[in-house]
Amino acid sequence: MTGQVVLVTGGTRGIGAAIARDLVARGHRVFVTSRTGQGHAPEDGVEILPLDQRDAESVTACVAMVTARAGTPDVLVNNAGYDLYGALEDT
């Protein structure tokens, strides 16, 4: 599995960034996402794209950007998440 196009959601920090760094080191073309499309790329050669997984149009646009730049993604690492704070009874 070398030279594949990989999309890592939530890949600008934490576990997602570590995954992106490892994939780049293995020779893959890596795209990471953040809700704003901004942030610090975890490694040279990693491209950051905007993606709000709660919005279907955002998902479609993100996949279209990857496809336009590198072809159809071969691998998806669905790492994105968000925090939900509050009392158990309220959430």
Side-chain angles (χ1 to χ4, degrees):
M1 183 176 115
T2 59
Q4 294 192 331
V5 177
V6 182
L7 176 61
V8 181
T9 65
T12 58
R13 59 186 175 180
I15 293 171
I19 291 168
R21 282 191 296 272
D22 185 66
L23 289 167
V24 167
R26 294 171 185 255
H28 301 292
R29 176 113 186 242
V30 180
F31 295 85
V32 299
T33 68
S34 73
R35 272 180 251 150
T36 63
Q38 299 176 353
H40 184 345
E43 185 75 29
D44 286 341
V46 174
E47 298 179 56
I48 300 175
L49 301 174
L51 173 65
D52 182 347
Q53 286 189 284
R54 301 168 297 174
D55 179 9
E57 289 180 13
S58 179
V59 172
T60 301
C62 180
V63 173
M65 283 187 266
V66 172
T67 302
R69 294 179 187 182
T72 304
D74 298 301
V75 178
L76 169 66
V77 179
N78 195 15
N79 176 66
Y82 66 94
D83 296 326
L84 178 63
Y85 297 100
L88 182 60
E89 297 83 12
D90 297 332
T91 58

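In this text, all values refer to a predicted model and were calculated from it rather than measured experimentally. For the numbers below, each heavy atom of this structure counts, side chains included, while hydrogens, waters and symmetry mates do not.
Connection of Leu49 to Leu76 is established within a shared hydrophobic cluster, with ILVMFWY side chains joined at heavy-atom distances below 4.5 Å, either directly or through further cluster members. In the hydrophobic clustering of this structure, Ile48 groups with Val75; members are Ile, Leu, Val, Met, Phe, Trp, Tyr whose side-chain heavy atoms approach within less than 4.5 Å, directly or through other members.
Of all heavy-atom pairs between Asn78 and Gln53, the closest is OD1-NE2, 2.7 Å. Smallest separation of non-hydrogen atoms from Pro73 and Val66: CG-CG1, 3.7 Å. In terms of heavy atoms, Cys62 sits closest to Pro50 at CB-O, 3.8 Å. Contact record, Val5 with Ala70: CG2-O, 3.5 Å, taken as the closest heavy-atom pair. Residue Ala80 comes nearest to Gly10 through the heavy atom pair CB-N, 3.8 Å, listed as atom of the first residue, atom of the second, then distance.
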> Taking it one step at a time, do Val8 and Leu23 satisfy side chain to side chain contact (heavy atoms under 4.5 Å, CB included)?
Replying inline: CA-CA 10 Å; Val8 181; Leu23 289 167; 4.0 Å; yes
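The shortest distance between side-chain heavy atoms of Glu47 and Met65 does not fall below 4.5 Å. Taking 4.5 Å as the limit, every side-chain heavy atom of Asp55 sits out of range of all side-chain heavy atoms of Val59.
No donor-acceptor pair under 3.5 Å is formed between the side chain of Arg26 and the backbone N or O of Arg21.
Taking NE2 from His28 and CG from Asp22, the interatomic distance works out to 8.0 Å, rounded to the nearest 0.5 Å. Taking CG from Leu51 and OG1 from Thr60, the interatomic distance works out to 10.0 Å, rounded to the nearest 0.5 Å. Between the CG atom in Asn79 and the OG1 atom in Thr33 there is a gap of 8.5 Å [rounded to 0.5 Å].
Residues forming a side-chain contact (heavy atoms from CB on, under 4.5 Å) with Val24 (at least two apart in sequence, or on another chain): Val30, Glu43, Val46.
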